[in-house]
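Shown next, in structure tokens, is the structure this report addresses.
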Amino acid sequence: TGGTLEGGGGEKRGSGHSSILGIIAVSCDPYSGGANAAIMKAAATARIPVTGTGGTSLSSAATMGCRLVGGAGGSVATTNYCKALTYTAAIAGALKREYNVRAGSAVQPSVLSVVDCCLPAVLSVSVTCSSLRLLAPFLPPSSSTSALALARSLSLSAAPVTAAVLTASTFAPALGPLPLLAASVAGAAARGSFLAGLAGGMVVARVASPLLVTAALYNCPATACSILAGGGGGILGAFASCAVGKWAGPLGEAVRAAVGKRRSGWVGALA
């Protein structure tokens with residue numbers, strides 16, 4: 001391409017030819033010979049920054065004298081977005097260039113759209129729980145107890161977890177499955193409240209990306225970034241779900257009890 005490009009610390013790389021400012025290695029296995037080994041040997045000689053994933057292969061690259069930068073390491077429990085983020089942050093840091101991360105879209109969906117998406121799951125759980133309660137008196141004692149326990153378990157966990165997961169995936173789509181795992185933890189702490197599940201999922205969607213970006217900019221490995229973002233987001237979301245569920249859960253139970261007392265038959269059971 002002609003000219004020169006500035007590398008890290010103002011170091012000039014290349015003259016009259018295109019410059020390689022960094023190498024991203026993904027399970028490259030440099031000891032297998034061929035192009036991978038030649039590239040890593042050349043990178044070690046030229047002191048070109050190397051980052052990537054694949055703990056064994058990067059360890060081999062380090063023994064060859066390569067200049068590993070950032071959080072180069074394994075790729076267990078990572079997503080494509082997480083790996084791309086850590087790669088870019090590592091190369092930018094090695095070149096002493098500013099890296100501004102802007103995740104997600106400027107156009108945010110409405111919470112009401114999330115509620116609409118949850119409707120099929122909520123209806124199916126309601127019908128299933130009501131059917132189990134109606135059938136319980138006609139079943140043998142042991143089966144009746146199991147049916148009522150299953151109905152209680154579904155009513156406490158299914159709807160809040162669904163609300164949390166759908167909220168997190170809707171408001172943080174760029175993170176892939178990462179917020180879904182955190183939202184599952186947040187929904188489980190919702191005390192059976194649908195509103196608490198929504199709150200927990202919203203918190204997960206808001207904090208997972210900043211946690212992931214912060215960990216990447218501090219050169220944490222990709223696996224550690226995923227654990228910090230998913231685990232930290234799940235814990236914070238669980239706190240939010242628990243706090244909201246503390247008042248929303250009893251309120252919902254009171255409303256259901258009031259509706260059930262005023263109605264009878266199938267309508268009261270569904271309430």
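This is a predicted model, so every value here is computed, not measured.
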CG-CD1 distance between Leu212 and Ile227, expressed to the nearest 0.5 angstrom:
12.0 Å
Mind checking who shares a hydrophobic cluster with Val203, ILVMFWY linked at side-chain heavy-atom distances under 4.5 Å?
Val207, Leu211, Leu236
Give a yes or no answer on whether the side chain of Ser241 reaches the backbone of Ala186 with a donor-acceptor pair at less than 3.5 Å.
yes
Under the criterion side-chain contact (heavy atoms from CB on, under 4.5 Å), I'd like the reasoning laid out for Leu228 against Cys220: C-alpha separation, chi angles, the key distance, then a yes or no.
CA-CA 10 Å; Leu228 288 173; Cys220 293; 4.3 Å; yes
Distance-only, no hydrogens or angles: does the Thr145 side chain make a donor-acceptor pair with backbone N or O of Pro141 under 3.5 Å?
yes
With sequence neighbours left out, what residues match Ser146 under side-chain hydrogen bond (donor to acceptor under 3.5 Å, both in side chains)?
none
Tell me whether Leu148 shares a hydrophobic cluster with Leu134, the cluster being built from Ile, Leu, Val, Met, Phe, Trp, Tyr side chains joined at under 4.5 Å.
no
If you measure from CE on Met40 to OG1 on Thr63, what distance do you get to the nearest 0.5 Å?
11.0 Å
Salt bridge (Lys or Arg N to Asp or Glu O under 4.0 Å) contacts touching residues 155-182 (sequence neighbours left out):
none
Other cluster members, Tyr87 - Ile/Leu/Val/Met/Phe/Trp/Tyr, side-chain contacts below 4.5 Å:
Ile24, Val26
When you measure from the side chain of Ser124 to the backbone N and O of Ala121, does any donor-acceptor pair fall under 3.5 Å?
yes
Tracing side-chain contacts under 4.5 Å among Ile, Leu, Val, Met, Phe, Trp and Tyr outward from Tyr218 reaches none
What distance separates Cys118 SG from Leu166 CG, expressed to the nearest 0.5 Å?
4.5 Å
Please name all residues satisfying side-chain contact (heavy atoms from CB on, under 4.5 Å) with Ala199, sequence neighbours left out, ordered by chain then number.
Val244
Quick one: does Val185's side chain get under 4.5 Å of Val204's, heavy atoms only?
no
In short, salt bridge (Lys or Arg N to Asp or Glu O under 4.0 Å) pairs touching residues 152-172 with sequence neighbours left out are Arg152-Glu253
I would like to know whether Leu85 and Val213 meet side-chain contact (heavy atoms from CB on, under 4.5 Å); could you show each step before the answer?
CA-CA 7 Å; Leu85 185 66; Val213 171; 4.0 Å; yes
Taking only residues two or more places apart in sequence, or in another chain, which ones meet Thr128 in a side-chain contact (heavy atoms from CB on, under 4.5 Å)?
Leu132, Leu154
Which atom names give the shortest non-hydrogen contact between Leu58 and Gly52, and what distance separates them?
CD1-O, 3.4 Å
So among Ile91, Leu95, Ile48, which one has a side-chain contact (heavy atoms from CB on, under 4.5 Å) with Leu21?
Leu95
Shortest non-hydrogen separation from Ala90 to Asn219 and the atoms involved:
CA-OD1, 4.5 Å
For the CD1 atom of Ile23 and the OG1 atom of Thr51, what is their distance to the nearest 0.5 Å?
11.0 Å
Atom CG of Leu181 and atom OG of Ser226: how far apart are they, to the nearest 0.5 Å?
9.5 Å
CE of Met64 to CD1 of Ile39, rounded to nearest 0.5 Å, is 10.5 Å
Looking only at heavy atoms, the pair that brings Ala151 and Cys129 closest together is O-SG, 3.4 Å
How close do Tyr99 and Ala92 get, counting heavy atoms only, and between which atoms?
CB-CB, 3.8 Å
Residues that Pro160 engages under side-chain contact (heavy atoms from CB on, under 4.5 Å), provided they are two or more places apart
Ala190
If you look at every heavy atom in Lys83 and Ala222, which pair is closest and at what distance?
CG-CB, 4.2 Å
Please find the pair of heavy atoms, one from Pro179 and one from Ala172, that lie closest to each other, and give the distance.
CG-O, 3.9 Å
Name all residues meeting the side-chain contact (heavy atoms from CB on, under 4.5 Å) criterion together with Leu139; count only those two or more places apart in sequence or in a different chain, and write none if there are none.
Ser143, Ser144, Ala147
Remaining members of hydrophobic cluster (4.5 Å side-chain criterion), Val161:
Val165, Leu180
